[in-house]
Amino acid sequence: MKLNVIKQRSFWWALSAAIILSGLIAMAISWTRPDIRAPLRPSLDFIGGTRLEFELDCTKPNNCARPIDLAAVRQVMDAQGLANSSIQVVDRYAVSIRTKTLDVERRTQLQTALSEKIGAFDPKKTKIDTVGPTLGGQIFASGLLAVIVSFAGITVYLTFRFQLDYAFFAFVALFHDVLITVGIFSILGLVLGVEVDSLFIVALLTIIGFSVNDTVVIYDRVREVINLHPNQHINQIVDDAVNQTLTRSINTTLTVLLTLFSIFLFGGETLKYFALALIIGFTAGAYSSIFIASTLLAWWRERTGQAIPVPAGGPEPPEISAQSDKA
């Protein structure tokens with residue numbers, strides 16, 4: 001079955017716009033939340049502070065008779081002068097707390113107060129992490145710089161390899177993939193309390209590289225079809241190029257996603273959301289390469305009077321010149 005991406009391009013654009021808009025709304029809401037104050041819920045890697053994770057010791061009689069009461073935890077935090085802390089109950093019998101930087105004495109006081117209120121904790125499953133705000137700021141700045149440099153480098157490379165409009169719409173597709181990934185994680189941060197850490201920056205850089213690879217494959221085929229059939233309309237050329245590379249794009253993406261789903265399901269908490277970011281980003285990357293970058297290129301060529309294209313990097317065919325003279 002032949003896929004007609006040009007005929008339904010308004011649908012593809014509307015679908016992407018709806019997902020991106022939902023993400024932008026979530027980011028705006030996150031920014032106004034006093035416990036987040038950022039487009040995404042940042043982990044200690046970025047803002048600094050102390051994170052404590054406690055789990056009830058269910059080997060003790062009646063210690064796990066009922067799940068942890070979030071209101072009781074918040075009451076203890078208020079009494080300790082930590083009212084603005086982020087609190088999340090995990091798996092009913094565990095609690096994760098992110099608060100300002102605490103010294104050993106304050107951490108001990110907090111743990112004792114919580115234990116008296118909600119039950120004894122399992123010392124083997126207690127986790128405490130502390131990151132300074134200066135280090136967190138440096139990690140964020142370095143990660144943001146890496147993303148910006150990667151965008152710039154890819155745009156320059158594509159400008160030299162293809163024509164400027166190819167490079168621009170490849171950049172739009174990359175930006176689309178990043179926005180969708182960031183937007184979905186913003187929604188997850190509001191709904192499930194999912195935080196982003198330094199691995200999220202690594203995931204974004206990986207997504208950018210994967211997405212541009214698919215786009216380059218399709219653009220290469222567009223250029224080949226233009227050279228083979230210079231008199232064809234750009235819409236037909238793009239449809240042919242997408243269909244000729246469709247199997248390759250789907251197979252490559254599915255192979256990678258199988259591995260990522262395995263990591264997401266069995267890789268543990270450390271890699272769980274890193275794998276999820278890659279799953280979202282790689283899916284968005286394959287989608288944008290097929291349905292966004294290609295259709296935008298065709299739309300632009302129509303708008304600029306290049307519906308019958310000139311081969312990239314080559315002279316204008318005589319028959320096209322003759323048609324232009326007649327026009």
Side-chain angles (χ1 to χ4, degrees), residues 3 5 8-9 11-24 40 143-144 146-159 161-162 165-188 196 199-223 238 241-264 271 273-299:
L3 184 64
V5 294
Q8 298 176 317
R9 63 186 175 191
F11 172 77
W12 312 128
W13 296 350
L15 179 60
S16 291
I19 297 173
I20 291 172
L21 182 60
S22 300
L24 291 175
L40 300 169
L144 186 61
V147 172
I148 293 173
V149 169
S150 66
F151 267 114
I154 288 171
T155 303
V156 171
Y157 166 74
L158 290 177
T159 302
R161 176 161 182 179
F162 298 100
D165 52 356
Y166 285 79
F168 177 77
F169 291 119
F171 177 87
V172 170
L174 292 178
F175 197 59
H176 163 280
D177 304 338
V178 171
L179 271 181
I180 285 183
T181 306
V182 171
I184 290 177
F185 264 78
S186 182
I187 295 171
L188 292 175
V196 296
L199 279 178
F200 185 73
I201 301 294
V202 177
L204 290 182
L205 293 170
T206 309
I207 290 165
I208 292 170
F210 181 88
S211 177
V212 77
N213 178 62
D214 258 357
T215 304
V216 165
V217 169
I218 292 176
Y219 278 175
D220 257 334
R221 189 56 57 90
V222 168
R223 186 166 58 178
V238 168
V242 168
N243 280 279
Q244 290 170 18
T245 58
L246 186 62
T247 301
R248 180 261 180 206
S249 297
I250 292 175
N251 288 342
T252 302
T253 303
L254 285 179
T255 303
V256 176
L257 289 180
L258 286 173
T259 304
L260 291 175
F261 273 112
S262 299
I263 296 174
F264 177 75
L271 296 176
Y273 291 112
F274 171 70
L276 180 60
L278 292 180
I279 290 170
I280 295 169
F282 285 7
T283 303
Y287 173 86
S288 67
S289 298
I290 296 170
F291 300 108
I292 304 299
S294 59
T295 56
L296 282 174
L297 178 66
W299 170 81

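Sequential numbering from 1 along the given sequence is applied to the chain's residues. Below, all heavy atoms of this structure are taken into account, side chains as well, without hydrogens, waters or symmetry copies.
To the nearest 0.5 angstrom, Leu260 atom CG is 11.0 Å from Leu271 atom CG. Annotation: the span from Leu174 atom CG to Thr215 atom OG1 amounts to 6.0 Å, rounded to 0.5 Å. Taking CG from Leu246 and OG from Ser289, the interatomic distance works out to 11.5 Å, rounded to the nearest 0.5 Å. In this structure, Tyr273 OH and Leu278 CG are separated by 14.5 Å, a value rounded to the nearest 0.5 Å. Here the CD1 atom belonging to Ile250 is positioned 11.5 Å from the CG atom belonging to Leu257, to the nearest 0.5 angstrom. From Ile184, atom CD1 reaches atom CG of Leu276 across 8.0 Å, with rounding to the nearest 0.5 Å.
Heavy-atom contacts from other residues, nucleotides or ligands closer than 6.0 Å to CZ of Phe151 number more than 12.
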Subject >> Tyr219 and Leu297: CA distance, side-chain angles, deciding distance, side-chain contact (heavy atoms from CB on, under 4.5 Å) verdict >> reply: CA-CA 9 Å; Tyr219 278 175; Leu297 178 66; 3.8 Å; yes
Original post:
Ser249 and Ile290: side-chain contact (heavy atoms from CB on, under 4.5 Å), yes or no, with the steps?
Top reply: CA-CA 8 Å; Ser249 297; Ile290 296 170; 4.2 Å; yes
**OP:** Starting from the C-alpha separation in whole Å, work towards a yes-or-no answer on ring pair (Phe, Tyr, Trp, His ring centres under 6.0 Å) for Phe200 and Phe185.
**Re:** CA-CA 10 Å; Phe200 185 73; Phe185 264 78; 4.9 Å; yes
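Take Arg161 and apply the side chain to side chain donor-acceptor pair (under 3.5 Å) test, not counting sequence neighbours, and it matches Tyr157, Asp220. With sequence neighbours left out, the side chain to side chain donor-acceptor pair (under 3.5 Å) criterion links Arg221 to Glu224, Gln244. Residues satisfying the side-chain contact (heavy atoms from CB on, under 4.5 Å) test with Ala284, not counting sequence neighbours, are Asp177, Ile180. Remark: Phe274 engages no residue in a ring pair (Phe, Tyr, Trp, His ring centres under 6.0 Å) (not counting sequence neighbours). Remark: Phe261 engages no residue in a ring pair (Phe, Tyr, Trp, His ring centres under 6.0 Å) (not counting sequence neighbours).
Between Thr159 and Phe168 the shortest side-chain heavy-atom distance does not fall below 4.5 Å. Within the 4.5 Å cutoff, no side-chain heavy atoms of Ile154 are placed close to those of Phe171. By the 4.5 Å heavy-atom criterion applied to side chains, Phe169 and Ile292 are not counted as neighbours. Residues Ile201 and Val196 have side chains not in contact (no heavy-atom distance under 4.5 Å, counting atoms from C-beta outward).
Across all their heavy atoms, Ala286 and Asp214 have their closest contact at CA-OD2, 3.8 Å. When all heavy atoms are compared, the tightest approach of Leu40 to Val182 is CD2-O, 3.2 Å. The two residues Ile208 and Val147 come nearest to each other via the heavy atoms CD1-CG1, 4.2 Å. Scanning all heavy atoms of the two residues, the minimum distance from Val216 to Phe162 falls at O-CZ, 4.0 Å. Smallest separation of non-hydrogen atoms from Gly281 and Thr181: CA-OG1, 3.4 Å. Of all the heavy atoms in Val222 and Tyr166, the pair that sits closest is CG1-OH, 3.7 Å.
The aromatic rings of Phe291 and Tyr287 sit tilted relative to each other, their planes meeting at an angle between 30° and 60°.
Of the candidates Thr206, Leu205, Leu204, Thr206 is the only one forming a side-chain contact (heavy atoms from CB on, under 4.5 Å) with Val202.
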Enumerate donor-acceptor pairs with a distance under 3.5 Å from any side-chain N or O in residues 11-23 to protein atoms, sequence neighbours excluded.
{"unit_1": "Trp12", "atom_1": "NE1", "unit_2": "Val5", "atom_2": "O", "d": "3.3"}
{"unit_1": "Trp12", "atom_1": "NE1", "unit_2": "Gln8", "atom_2": "O", "d": "3.3"}
{"unit_1": "Trp13", "atom_1": "NE1", "unit_2": "Thr295", "atom_2": "OG1", "d": "3.0"}
{"unit_1": "Ser16", "atom_1": "OG", "unit_2": "Trp12", "atom_2": "O", "d": "3.4"}
{"unit_1": "Ser16", "atom_1": "OG", "unit_2": "His176", "atom_2": "NE2", "d": "2.9"}
{"unit_1": "Ser22", "atom_1": "OG", "unit_2": "Ala18", "atom_2": "O", "d": "2.9"}

